[in-house]
**Q** 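Pasting a structure here, questions to come.
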Amino acid sequence: MPTQTHKADQFLALHHGDSPLLIPNPWDAGSAKLLASIGFVALATTSNGLAATHGKLDGAMTRDEALANAGAIAAAVDLPVSADLENLYANDPAGCAETVRLAIEVGLVGCSIEDFTGNQDTPLYDHAEATERVAAAAEAAHSGPVRLVLTARAEGYLRAEPDLADVIARLQAYSAAGADVLYAPKITKLDELRELVTSVDKPVNVLALPGVPAVAELADLGVKRISVGGAFTFVAYNALINAGRELLDQGTYTFWTEAAQGTTATRKAFTA
């Protein structure tokens, strides 16, 4: 079984390959094992997906709950696992650093930090404060017992008015502050993605959304990682709704075709 240090080194190296790292986002240990069984080489948790498993909306989980979920996923597979830890559940730099240290303790080899405050009235930390938070997180990530891969997220397109110049300026500052990977969710246009990638000096993650160029096109742009956020969670939930509606509305059981395939897949993945 690979050590945490080995997985951390492997995870960082995967961001510097010839093709993008395709990193899906499991929501629990079972989904993590299934995704590992079909060939993915690294995983990342999803705050949205985790909240959904508790019947809550994104942003409703505590730091302890998020870390427990991420730790369970990391323990379930031999792959590198990074965690979506929102704004690191802290406003101050010291609190950000503490969350990173806890992430290492539960077995993670990567995590992300957002510049979203959680306050809809003032959704983004100002540049200086956001950069200080990234710097503190990066120091904790790189000076601990394992060199954790830190992803810094600029949330402007997702949480505020889209402003590409501001997003790029923020990501440049986060890179200088020590972030290993840069991420601006919800940018979908090819020309904007090209400008972003060519404006920064660290690997860029792109969130796969409707309208985002296909993997091959993103590879040509120089994108180094592609994630799916909560999408796979909600694919599974939609399948559940469809099966339930069939039983309620039609009184038939054709959902067993999908269920049988899922049973076979889980038996193979969970006993490997």
Side-chain angles (χ1 to χ4, degrees), residues 12 14-25 42 44 46-49 58-59 82 84-88 110-131 133-135 137-138 149-232 234-235:
L12 183 60
L14 287 168
H15 291 82
H16 296 275
D18 294 332
S19 58
L21 167 62
L22 303 181
I23 188 165
N25 302 82
T46 161
S47 65
N48 203 1
D58 196 14
S82 183
D84 176 351
L85 296 180
E86 303 187 41
N87 70 344
L88 292 181
C111 75
S112 58
I113 175 173
E114 299 175 3
D115 57 11
F116 175 53
T117 64
N119 183 341
Q120 296 297 338
D121 294 329
T122 54
L124 303 179
Y125 296 101
D126 67 40
H127 279 238
E129 185 177 14
T131 304
R133 296 173 70 257
V134 172
V149 177
L150 182 70
T151 299
R153 297 175 45 147
E155 299 288 294
Y157 273 59
L158 188 61
R159 309 289 189 176
E161 290 297 322
D163 183 339
L164 184 60
D166 180 70
V167 163
I168 289 173
R170 285 174 175 267
L171 291 180
Q172 289 171 336
Y174 304 161
S175 175
D180 300 295
V181 181
L182 306 173
Y183 182 14
K186 210 176 177 182
I187 296 181
T188 61
K189 295 179 181 178
L190 184 66
D191 58 339
E192 292 185 333
L193 289 167
R194 180 183 292 110
E195 184 174 351
L196 170 59
V197 171
T198 57
S199 298
V200 298
D201 61 353
K202 298 286 178 63
V204 170
N205 182 96
V206 169
L207 177 61
L209 290 171
V212 168
V215 169
E217 292 178 274
L218 292 178
D220 288 342
L221 290 182
V223 170
K224 291 300 185 181
R225 191 173 83 190
I226 302 169
S227 57
V228 300
F232 286 4
F234 298 111
V235 168

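Keep in mind that the numbers below use all heavy atoms, side chains included, and drop hydrogens, waters and symmetry copies.
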**Q** Is a side-chain donor-acceptor pair under 3.5 Å present for D115 with H127?
**A** no
**Q** Distance check, rounded to the nearest 0.5 Å: L12 atom CG versus L150 atom CG?
**A** 11.5 Å
**Q** When rounded to the nearest 0.5 angstrom, what is the spacing between CD in E155 and NZ in K186?
**A** 11.0 Å
**Q** Nearest 0.5 Å, what's the CZ-CG distance between F234 and N48?
**A** 4.0 Å
**Q** Which value, rounded to the nearest 0.5 Å, describes the distance between L193 atom CG and T188 atom OG1?
**A** 7.0 Å
**Q** Any donor and acceptor pair, going by atom type alone, linking the side chain of Q172 with main-chain N or O of S199 inside 3.5 Å?
**A** yes
**Q** Could you pull out the closest heavy-atom pair between N87 and R133, with the gap in Å?
**A** O-NH2, 2.6 Å
**Q** Could you walk me through whether D191 and K189 pass side chain to side chain contact (heavy atoms under 4.5 Å, CB included), step by step?
**A** CA-CA 6 Å; D191 58 339; K189 295 179 181 178; 3.4 Å; yes
**Q** Do any N or O atoms from the side chain of K224 and from the backbone of G17 form a donor-acceptor pair under 3.5 angstrom?
**A** yes
**Q** Picking from L218, I226, I187, what satisfies side chain to side chain contact (heavy atoms under 4.5 Å, CB included) with V212?
**A** L218
**Q** Would you confirm whether N25, through its side chain, and V228, through its main-chain N or O, come within 3.5 Å as a donor-acceptor pair?
**A** yes
**Q** Is there a side-chain contact between L190 and L221 in this structure, where contact means two heavy atoms from C-beta onward sitting under 4.5 Å apart?
**A** yes
**Q** Does any part of the side chain of L85, heavy atoms only, come nearer than 4.5 Å to the side chain of I113, both counted from C-beta?
**A** no
**Q** Please tell me if the side chains of T131 and Y174 come closer than 4.5 Å, counting only heavy atoms from C-beta onward.
**A** yes
**Q** So, for F232 and P24, which heavy atoms are closest and what is the spacing to 0.1 Å?
**A** CE2-CB, 3.7 Å
**Q** In terms of side-chain heavy atoms, does S47 have a donor or acceptor partner in D58 at a distance below 3.5 Å?
**A** yes
**Q** State whether the side chain of S175 and the backbone N or O of D201 hold a donor-acceptor pair below 3.5 Å, judged by distance alone.
**A** no
**Q** Could you tell me which non-hydrogen atom of L207 sits nearest to which non-hydrogen atom of G229, and how far apart they are?
**A** CD1-N, 3.5 Å
**Q** Identify the residue among D84, L88, T151, V149 that makes a side chain to side chain contact (heavy atoms under 4.5 Å, CB included) with C111.
**A** L88
**Q** For a quick test of reading the model, state the closest non-hydrogen atom pair linking P185 to Y157 and the distance between them.
**A** O-CB, 3.5 Å
**Q** Would you say that H15 contacts D180 through its side chain, given a criterion of any heavy-atom pair below 4.5 Å between the two side chains?
**A** no
**Q** Which atoms form the tightest heavy-atom contact between P123 and F116, and what is the distance?
**A** O-CD1, 3.0 Å
**Q** Ignoring hydrogens, what is the shortest heavy-atom contact between A179 and V134? Give both atom names and the distance.
**A** CB-CG1, 4.2 Å
**Q** Quick one: pull up CD in E192 and CD1 in I168 and give me the separation to the nearest 0.5 Å.
**A** 8.5 Å
**Q** Quick one: pull up CZ in R153 and CG in N205 and give me the separation to the nearest 0.5 Å.
**A** 8.5 Å
